[in-house]
Amino acid sequence: MAELWQGYIWPTAIIVIQIVAIVVPLLVAVAYLTYAERKVIGAMQLRKGPTWWGRSACCNRSPTD
Amino acid sequence: MVGPFGLLQPFADGLKLLLKETVIPTGANRVVFVMAPMLTFILSLVAWAVIPFDDGWVLADINVGVLYLFAISSLGVYGIVMAGWASNSKYAFLGALRSAAQMVSYEVSIGFVMISVLLTAGTLNLSELVQAQAGSGFWSWYWLPHLPMFVIFFVSALAETNRAPFDLPEAEAELVSGYNVEYSAMTFALFFLGEYANMILMSGITTVLFLGGWLAPLPIPPFTWIPGIIWFGLKVSLVLFCFLWVRATFPRYRYDQLMRLGWKVFLPFSLLWLVLTAGVLVTTGWVPQ
């Protein structure tokens, strides 16, 4: 009985724990990746427009002028 | 705002998808239809068994780790083809065919890039591959000697996961969302999760092959105090950020341009680099044991 426990069940339990330790953070990461993607792409699309230079939007200049 | 700072949003989305009705089209082959997303998701999880997170922290330290990864990504094509075929819908079928052809084409160049890296490392075992990059910090990681291969691998990984400029087979405007047009609730969620898990997997493979896995950028004390898994996570995040960055930046490739890129540009160049690598290694005698 002791060698059944140590020979088979314990290594299996260790492997299952390792699998869970990989899969659960991975799934959480995937879930937050979808959210992070929106944030990152959104931040990249927040471009500065032509009213960037002057603080009052009077001067219609852009950084390339 | 769902939860504090909106952090529970992804779980709310997942719950919604779980509770929606799973629609199976009338003419669809039920078994294959349900098996396809399961297969895609299972494969993207199974491949994580060989990725080393830290020194010795691998689930399965097999001596053919790279071959295993390559086999898993080749099986991924089956999931797409099954989905397109079982949907019994023209759009899905076309999208699946295009996607499968795209994945297969870019897998070839991924294979040759991996072989170039293998030659320099001398082992298929991923942990040893990471350790072969140790030495003088990030100047000795494989991104530097194999810089063109790094770029080709990154772009091929984008094409492999149907991402960013190569997402014609699943774009809503071109092909009405391609092979997953008939999928509704949990099945769609599985495809979606599978795609993102595949993306993280490809980032993980990129860091292991080119960016030195769990190694610190400089082998001096302040950097070596930080555990390897944190470096691994940071590098994977960096590559993922580049995935997202490319998606926000470039327009989509037309399908024939995409295939031309895969076969006429990447394949000859990666073959050339492979021969070059082998030649350099043999001439200078740097062939690793």
Side-chain angles (χ1 to χ4, degrees), chain A, chain B residues 2-3 5-15 17 41-42 44-54 56-61 161 163-164 189-204 229 232-233 236-250:
Chain A
M1 188 60 197
E3 49 298 341
L4 178 69
W5 183 260
Q6 277 172 330
Y8 293 103
I9 301 182
W10 190 235
T12 314
I14 294 272
I15 292 179
V16 168
I17 293 175
Q18 284 176 325
I19 292 177
V20 169
I22 291 182
V23 168
V24 169
L26 178 66
L27 290 181
V28 172
V30 167
Y32 282 113
L33 180 65
T34 51
Y35 194 48
E37 175 176 19
R38 281 185 60 113
K39 292 284 198 183
V40 167
I41 293 182
M44 287 182 185
Q45 297 198 332
L46 193 70
R47 299 184 197 97
K48 312 277 187 193
T51 60
W52 187 58
W53 269 122
R55 289 232 302 217
S56 53
C58 65
C59 348
N60 203 17
R61 307 172 66 190
S62 69
T64 54
D65 299 29
Chain B
V2 183
F5 301 105
L7 284 177
L8 288 180
Q9 180 68 45
F11 299 109
D13 278 335
L15 196 63
L17 280 172
F41 188 56
I42 288 173
S44 54
L45 289 182
V46 155
W48 280 91
V50 290
I51 306 241
F53 297 99
D54 201 341
W57 291 24
V58 197
L59 184 56
D61 195 15
T161 51
R163 271 299 287 190
L190 281 180
F191 263 126
F192 196 59
L193 289 179
E195 174 179 333
Y196 279 87
N198 222 359
M199 202 163 97
I200 303 186
L201 174 72
M202 281 294 164
S203 309
I229 189 169
F232 184 78
V236 169
S237 309
L238 178 70
V239 180
L240 274 175
F241 179 73
C242 290
F243 266 71
L244 302 181
W245 192 4
V246 168
R247 179 178 185 187
T249 316
F250 297 110

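Naming convention: chains lettered A, B, ... in sequence-line order (proteins, then strands); numbering from 1 in each chain.
For B/F53, the part lying under 4.5 angstrom from a heavy atom of chain A is the side chain only. Residue contact with chain A, scored on non-hydrogen atoms closer than 4.5 Å, is absent for B/L201. Interface residue A/A29: backbone and side-chain heavy atoms are both found under 4.5 Å from chain B. In this structure, the portions of A/V30 lying under 4.5 Å from any heavy atom of chain B include both its backbone and its side chain. Both the backbone and the side chain of B/W245 come within contact range of chain A, judged by heavy atoms closer than 4.5 Å. Of the atoms belonging to B/I200, it is side-chain heavy atoms, and not backbone ones, that fall under 4.5 Å from chain A.
Per-residue heavy-atom pair counts under 4.5 Å with chain A were compared for B/L193, B/L244, B/L240, and the maximum is reached by B/L244.
Considering OG1 of A/T34 and CD of B/E195, their distance stands at 11.0 Å, rounded to 0.5 Å. B/W57 contributes atom CH2, which lies 11.0 Å from atom CD1 of A/I22 (distance to the nearest 0.5 angstrom).
When all heavy atoms of A/I15 and B/L59 are compared, the closest pair comes out as O-CD1, 4.3 Å.
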